[in-house]
J.: 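There's a structure below that I have some questions on.
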Number of protein chains: 2
Amino acid sequence: MNVTVRGQTRHHRTVTFDSRNNQVLLVEQRLLPHEFKIIPTRNFRETASAISDMVVRGAGAIGATAAFGLAQGARAFRGSDLKKFSHHLTVVYQALKDARPTAVDPVNAMNDVRRAMMFGETVGEKQSIALAAAEEFSNEDVHHCKQIGMHGAKLIRNGMRILTHCNAGWLAFVDVGAATAPIYAAQAAGKKFHVFCDETRPRSQGATLTAWELAQQGVSHQIIADNAAGHLMQRGEIDLVIVGSDRTLGRTGEVANKIGTYTKAVLAKRHNIPFYVAIPLSTIDWKLKRGCDIPIEDRHEHEVLGAWGILSSPTSGVQSPKSGRRAYVRVANPTSGARNPGFDVTPAELITGIITPAGIFKPRELWRQRRELGFAS
Amino acid sequence: MNVTVRGQTRHHRTVTFDSRNNQVLLVEQRLLPHEFKIIPTRNFRETASAISDMVVRGAGAIGATAAFGLAQGARAFRGSDLKKFSHHLTVVYQALKDARPTAVDPVNAMNDVRRAMMFGETVGEKQSIALAAAEEFSNEDVHHCKQIGMHGAKLIRNGMRILTHCNAGWLAFVDVGAATAPIYAAQAAGKKFHVFCDETRPRSQGATLTAWELAQQGVSHQIIADNAAGHLMQRGEIDLVIVGSDRTLGRTGEVANKIGTYTKAVLAKRHNIPFYVAIPLSTIDWKLKRGCDIPIEDRHEHEVLGAWGILSSPTSGVQSPKSGRRAYVRVANPTSGARNPGFDVTPAELITGIITPAGIFKPRELWRQRRELGFAS
């Protein structure tokens, strides 16, 4: 999406490839929202580190990064020995896979690339195909997000006030994003609306990443404390909720997403506010039978006990990036601990619809439509 | 309640009076949870400043501080001229009233003291009565909180996991607190239970003040992000919710309290978890007819856009007080604004009971019991 740096507006993707220098170019997400920087990785090991060190995060974004990383590793091979090349490729694959062992996206993306490479006969052909396949994976990711936007934008009418939670924006994909896709598409269609970004404690992705994205695109928005959404709904100030999802159960329509999503769904139901989940089809889990079986990671308590930010004066208003040093403050009582579940599960009955690249479905419709939606039996 | 400083455990009240030096002694709440300090105010103007500068906060605590401030001002008067004394007293009263113009507690407390002073005939008598009346007001506050504790403790059974929101603890009163009173009483009765403290963004009173209080009393507890309560309720890990209230409508049983309270009540209702509100009778508003008419203060956006804390390393674990410098970090995107409603209103249908010094009532029972509960027609 568009990013404005020092008055210059340019279009960026979170992940691209510089074929001349054989480098993966990544938006350094750890510096956001306070600094925008594109960094190159010079070899597949640096690309793997960028994934493991959270330079890049989000399902689509790490998938594309791994695909490009595999192509980068393949293209760095010198020689024409297919056996040595194959061995080398296994090393590259493993390094990129190990960078985020629990994520399924890098593996799926790299398997796509490897399948395509089978059609090459020489090392050179396989190298070319690898890059082309990685580019295709990346373009597909963008295409899917745009389709989500096309379907979802129909839900947004002029004057609406939309609530989002966490970040399922373009920073989590190659471009456009999932939960943000309907917003960007509606904006492109000239609609006027306002977005409330849940802060999304403890990691504050709503206040940092989503708010940054919306500000860069010029979308009217405000950040709210996670505590405030209920009050705003009660007073009739929220018309629509759109969130993303890390895993959606194809069998039940249950949605696992960032902690706090369930709460917003319960509140939306009480106030008869439509609650939508925007997802690429790759995040549908067709196997798991019950949402309560989704393991909920308990994350480190320091996330709850304090906050990361830029040292500054509370009342100085809008600040320039780099105006201060990045720091962690311990907010909580020093002798108290925390409980920090990272995700929660929202049942189908609270979800108005699932926005996918193939259209909008009732959560319980997914299973009936499974063949069309890519279910592999 | 008990506070342990450098291994020494002592009982403290938030507000006391040193009659020999004519000083009000206050827990300096702006330093908590990172430092515990009692500061004296040397004259009524310093006492007024302590109220306006938030050294002391919370309904009961600022009421008692104003009562003691009035006595302090009265006792500083030299001479026997009743007319001059009366004029002086008006100046003192006004200064303390102006310290927190929207709060009703300082005014009510000082009116109590003034009424009592009418029974004195000389300046000396009036001065003595002023101090005695302020002491009585303060002791009454403690007594009421203990009664709340006595009634509320019956709700707490061994093994329970209790959720609290914000701080209606002893720091907000003279001692014991309201929402915390049942907890402290149950602990004193030897019951074993666990408390989850909602962080309570944006000002984090749960993570700072309530967690500090519970740690000092040795009550088992953990801080959670405001986003996490729904998930814990869904997984059956919360058995009881107790919160405080700034204003409870006697006519409808609606409860105004810190932003986020309404959300927790909606969640509790969904999961059939009892939701109680603990209040002294002085916070019941017998006049207002509808909760939606309660003005909701929109507070400064910097509260949402960042956080206050002690500069530290995120993973260093338990830290000693004073281990770092107090600082504000801007968490949010620098070019985004925030919406920051400070309170919300919970309807009677979501409230299991109101715990008062006079017993536990259904919210809609308050009006029927109004004569017994101090309704002045």
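Letters A, B, ... are given to chains in the order of the sequence lines, protein chains preceding strands, and every chain is numbered from 1. Just so it is clear, the values below take in all heavy atoms, side chains as well, and ignore hydrogens, waters and symmetry mates.
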J.: For Val331(A) versus Trp308(B), what's the shortest heavy-atom pair and its separation?
T.: CG2-O, 3.3 Å
J.: Can you name the nearest heavy-atom pair linking Val304(A) to Ala225(B), along with the distance?
T.: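 Heavy-atom minimum between the residues: CG1-N, 3.9 Å.
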J.: Please give me the minimum heavy-atom distance between Ala215(B) and Asn333(A), naming the atom from each residue.
T.: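 Nearest pair, atom of Ala215(B) first, then Asn333(A): CB-ND2, 3.4 Å.
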J.: What heavy-atom pair brings Ile223(A) and Ala332(B) nearest, and what distance separates the two atoms?
T.: CD1-CB, 3.5 Å
J.: For each of Asn340(A), Ile224(A), Asp344(A), tally heavy-atom pairs with chain B at distances under 4.5 Å, and name the one with the top tally.
T.: Ile224(A)
J.: So which residue, Arg326(B), Lys264(B), His231(B), His165(B), ends up with the most heavy-atom pairs under 4.5 Å with chain A?
T.: His231(B)
J.: Under 4.5 Å, counting heavy-atom pairs only, tell me which of Thr261(B), Thr210(B), Val329(B) racks up the most with chain A.
T.: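 Winner by heavy-atom pair count: Val329(B).
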J.: Compare all side-chain heavy atoms of Asp198(B) with those of Asn227(A) and state whether any distance is below 4.5 angstrom.
T.: no
J.: To the nearest 0.5 Å, what is the distance between CZ on Arg161(A) and CZ on Arg339(B)?
T.: 9.5 Å
J.: Can you confirm whether more than 12 heavy atoms, excluding those of Arg290(A), are under 6.0 Å from its CZ atom?
T.: no
J.: Most heavy-atom pairs under 4.5 angstrom with chain B, which of Leu32(A), Ile296(A), Leu209(A)?
T.: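 When all of Leu32(A), Ile296(A), Leu209(A) are compared, Ile296(A) has the most.
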J.: Which atom pair, heavy atoms only, marks the closest approach of Pro347(A) to Gln234(B)?
T.: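 Pro347(A) and Gln234(B) have their closest heavy atoms at CD-NE2, 4.1 Å.
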J.: For Glu297(A), does the CD atom sit with more than 12 other heavy atoms under 6.0 Å from it, leaving out its own atoms?
T.: yes
J.: Find the one option among Asp226(B), Thr208(B), Leu305(B) whose heavy-atom pairs under 4.5 Å with chain A are most numerous.
T.: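 Ranked by contacts with chain A, first place is Asp226(B).
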J.: Check whether Glu237(B) gets within reach of chain A through its side chain, its backbone, both or neither, counting any heavy atom under 4.5 Å.
T.: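 Side chain of Glu237(B) only, per the 4.5 Å heavy-atom cut-off to chain A.
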J.: Less than 4.5 Å to any heavy atom of chain B: does that hold for the side chain of Arg270(A), its backbone, both, or neither?
T.: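 Side chain only.
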J.: With a 4.5 angstrom heavy-atom cut-off, which part of Leu232(A) approaches chain B: side chain, backbone, both or neither?
T.: side chain
J.: If you look at every heavy atom in His221(B) and Ser336(A), which pair is closest and at what distance?
T.: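 The answer is NE2-OG, 2.6 Å.
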J.: Quick one: what part of Ser204(A) sits under 4.5 Å from any heavy atom of chain B, side chain, backbone, both or neither?
T.: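 Side chain only.
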J.: Chain B: which of Met233(A), Lys269(A), His271(A) shares the most heavy-atom pairs with it under 4.5 Å?
T.: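 Maximum pair count with chain B is reached by His271(A).
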J.: By a 4.5 Å heavy-atom criterion (distance strictly below it), what part of Phe196(A) contacts chain B: side chain, backbone, both, or neither?
T.: side chain
J.: For chain A, which of Gly206(B), Ala307(B), Pro341(B), Gly337(B) has the most heavy-atom pairs under 4.5 Å?
T.: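 When all of Gly206(B), Ala307(B), Pro341(B), Gly337(B) are compared, Gly337(B) has the most.
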J.: Out of Ser312(A), Ser313(A), Pro314(A), which one pairs with Arg330(B) under the side chain to side chain contact (heavy atoms under 4.5 Å, CB included) rule?
T.: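 For Arg330(B), the side chain to side chain contact (heavy atoms under 4.5 Å, CB included) test succeeds with only one of Ser312(A), Ser313(A), Pro314(A), which is Ser312(A).
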J.: Please classify the contact of Glu213(A) with chain B as side chain, backbone, both or neither, using a heavy-atom distance under 4.5 Å.
T.: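 Glu213(A) has no heavy atom closer than 4.5 Å to chain B.
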